[in-house]
Protein chains: 2
Amino acid sequence: MARAMEVIGDRWTILVLREAYYGVTRFDEFEYYVGVAPNILSNRLKKLVDAGIMKRMPLQEHSGRYDYVLTEKGRDFFPAYLALKKWGDDWLAEPEGPQVVFRDRKAGRAITYPKLLNASGKPLRLEDVEVIAGSGAVPFNRRRFGAAGEAVEAARPSRRERK
Amino acid sequence: MARAMEVIGDRWTILVLREAYYGVTRFDEFEYYVGVAPNILSNRLKKLVDAGIMKRMPLQEHSGRYDYVLTEKGRDFFPAYLALKKWGDDWLAEPEGPQVVFRDRKAGRAITYPKLLNASGKPLRLEDVEVIAGSGAVPFNRRRFGAAGEAVEAARPSRRERK
DNA sequence: CAGTATCCCAAGCGATACTG
DNA sequence: CAGTATCGCTTGGGATACTG
């Protein structure tokens, strides 16, 4: 998560990504639709390319023009984007409703994220969830889980000891 | 989206939220697990409370101690958090795998986000998706959609005209 | 413990000018 | 058009000291 936010967790990157999902590919289109200064945009596109989320495709030979297109990694972020958008639409939107809707081209219906369901087929509540250690859990003093995933009372140093 | 990112889109807030999903409620626990300076944490918790994502509950009368607990709005963000985490686990994680897994308490199985499916029941691809205007679409020069949702060639001013 | 206040510094932003 | 370079300026961060 920390890593994910490092990549997409700033005000501009997510908006660039949004435009990409809307079909935008060109520098000046991003610049216009996102409403960002060119230096910032340049920086963000570079970061997205470095992160493997977009790639920079020469438009023609020697035209000096490029398309910025999503990679698989970038397209694979779409569900997360959609989940974020749904939450925003549900809790933060203007009363008129969302400005943009994604529609399934074939079905002709809006795409919404399916509800998470618990084992009984009811909407999943946070109370249905338990947190366990994953395979990459680290054996240092920050952990809160034993080898089997059970909660462990961490040795939690005071602010002072922590340095 | 812009609004959503304004609320949760910084390096610390999402980590605070993560700890909340892990069951953390107390100031010093957040401070320790997130590894953040107390002034920053204070600020973020305040923002989360203001945004209606968490509430501050007095622990006892006059103890001067509080629990920070998720509101429904905050709990409703969990799917988005999970989608983000999944993307991060899939694309950015260490080879050992994720450090933490959410498990369905009853089913005893890890919760993962269901795949988005298109109208034919296959995994949804970005190509299956079209972008249309939502009910809140605004009739100003930034729009790219006609009244019926079809794409419209926007009058895109040059950088200069844009000011 | 549960924060708040202060200080200093670095990073990022917006505007704009410039280049091929 | 498609960027890069430069420049003040503000915001936010880390460290730490302080208070009830």
Side-chain angles (χ1 to χ4, degrees), chain A residues 2 5-16 19-20 24-51 54-69 153-163, chain B residues 2 5-16 19-20 24-51 54-69 153-163:
Chain A
M5 289 308 286
E6 206 132 319
V7 181
I8 53 93
D10 75 294
R11 180 153 136 252
W12 296 119
T13 303
I14 194 81
L15 296 178
V16 171
E19 298 305 321
V24 166
T25 61
R26 298 282 290 280
F27 190 91
D28 70 324
E29 295 175 325
F30 284 112
E31 188 186 353
Y32 172 61
Y33 290 126
V34 173
V36 62
N39 51 348
I40 314 284
L41 177 58
S42 175
N43 174 278
R44 293 311 134 93
L45 284 172
K46 221 165 279 171
K47 279 190 182 167
L48 284 168
V49 169
D50 287 350
M54 306 191 83
K55 33 181 196 201
R56 190 167 183 258
M57 313 283 283
L59 210 51
Q60 278 122 309
E61 217 46 48
H62 301 296
S63 69
R65 307 172 72 156
Y66 296 89
D67 266 344
Y68 292 89
V69 300
E153 196 56 36
R156 187 147 56 83
S158 74
R159 203 182 290 178
R160 180 166 207 89
E161 292 170 305
R162 237 150 66 218
K163 219 279 277 61
Chain B
M5 288 308 286
E6 207 132 319
V7 181
I8 53 92
D10 75 294
R11 179 154 139 253
W12 296 120
T13 304
I14 194 81
L15 296 177
V16 170
E19 297 306 320
V24 166
T25 61
R26 298 283 291 280
F27 191 92
D28 68 324
E29 295 176 324
F30 284 113
E31 188 186 353
Y32 171 61
Y33 289 127
V34 173
V36 61
N39 50 349
I40 313 283
L41 177 59
S42 175
N43 174 279
R44 292 312 134 92
L45 285 171
K46 222 165 276 169
K47 279 190 183 169
L48 284 168
V49 169
D50 287 350
M54 306 191 83
K55 28 177 202 204
R56 190 168 184 258
M57 314 282 284
L59 210 51
Q60 277 123 310
E61 216 47 47
H62 301 298
S63 69
R65 307 172 71 156
Y66 296 90
D67 267 343
Y68 292 88
V69 300
E153 196 55 35
R156 187 149 55 84
S158 73
R159 203 182 288 178
R160 181 167 204 85
E161 292 170 307
R162 235 149 71 216
K163 219 275 277 72

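The model shown is predicted, which means the values in this text are computed figures rather than measured ones. A note on names: the letters A, B, ... follow the listed sequences, proteins ahead of strands, and every chain is numbered from 1.
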Minimum-distance nucleotide to [X] side chain [options: [options]]:
X       : options              : result
B/Asp28 : C/dG12, C/dA5, C/dA2 : C/dA2
B/Arg56 : D/dG12, C/dG3, C/dA2 : C/dG3
A/Asn39 : D/dG3, C/dA2, D/dT6  : D/dT6

Quiz item: Given pairs defined as Watson-Crick or G-U wobble with both distances under 3.5 Å, what dot-bracket annotation applies to DNA chain D, with ( ) intrastrand, [ ] crossing, | other strand and . unpaired?
Solution: ||||||||||||||||||||

Quiz item: Who are the side-chain hydrogen bond (donor to acceptor under 3.5 Å, both in side chains) partners of A/Tyr66, not counting sequence neighbours?
Solution: none

Quiz item: Roughly how far apart are B/Glu6 CD and B/Asp10 CG, rounded to 0.5 Å?
Solution: 11.0 Å

Quiz item: Going from CG on A/Leu45 to CZ on A/Phe27, what distance comes out if it is rounded to the nearest 0.5 angstrom?
Solution: 6.5 Å

Quiz item: Less than 4.5 Å apart, any side-chain heavy atom of B/Leu48 and any of B/Thr13?
Solution: yes

Quiz item: Between A/Ile8 and A/Met5, is a side-chain contact (heavy atoms from CB on, under 4.5 Å) present by the stated rule, with each step listed?
Solution: CA-CA 5 Å; A/Ile8 53 93; A/Met5 289 308 286; 4.0 Å; yes

Quiz item: Can you list, by residue number, the residues of residues 9-16 of chain A that have a non-hydrogen atom closer than 4.0 angstrom to DNA chain D?
Solution: none

Output one line per pair: protein atom, nucleotide atom from nucleotides 8-11 of chain C, and distance, for all N/O pairs under 3.5 Å.
none

Quiz item: Looking across every strand, which nucleic acid part, if any, lies under 4.0 Å from A/Tyr68 by heavy atom: base, sugar-phosphate, or nothing?
Solution: sugar-phosphate

Quiz item: In terms of ring plane angle, is the pair A/Tyr68 and A/Phe30 parallel, tilted or perpendicular, where the classes change at 30° and 60°?
Solution: perpendicular

Practice problem: Round to the nearest Å and state the distance from A/Glu31 atom CD to C/dT16 atom C1'. | Solution: 12 Å

Quiz item: Taking the nucleotide of DNA chain D with the closest heavy atom to each, which residue, B/Ala37 or B/Lys47, is nearer the 5' end?
Solution: B/Lys47

Restricting to nitrogen or oxygen on both sides, can you table the protein-nucleotides 17-20 of chain C pairs closer than 3.5 Å?
none

Exercise. Taking side chain to side chain contact (heavy atoms under 4.5 Å, CB included) as the test, write out the residues that go with B/Lys55, two or more places apart.
Key: B/Met57, B/Val69, B/Thr71

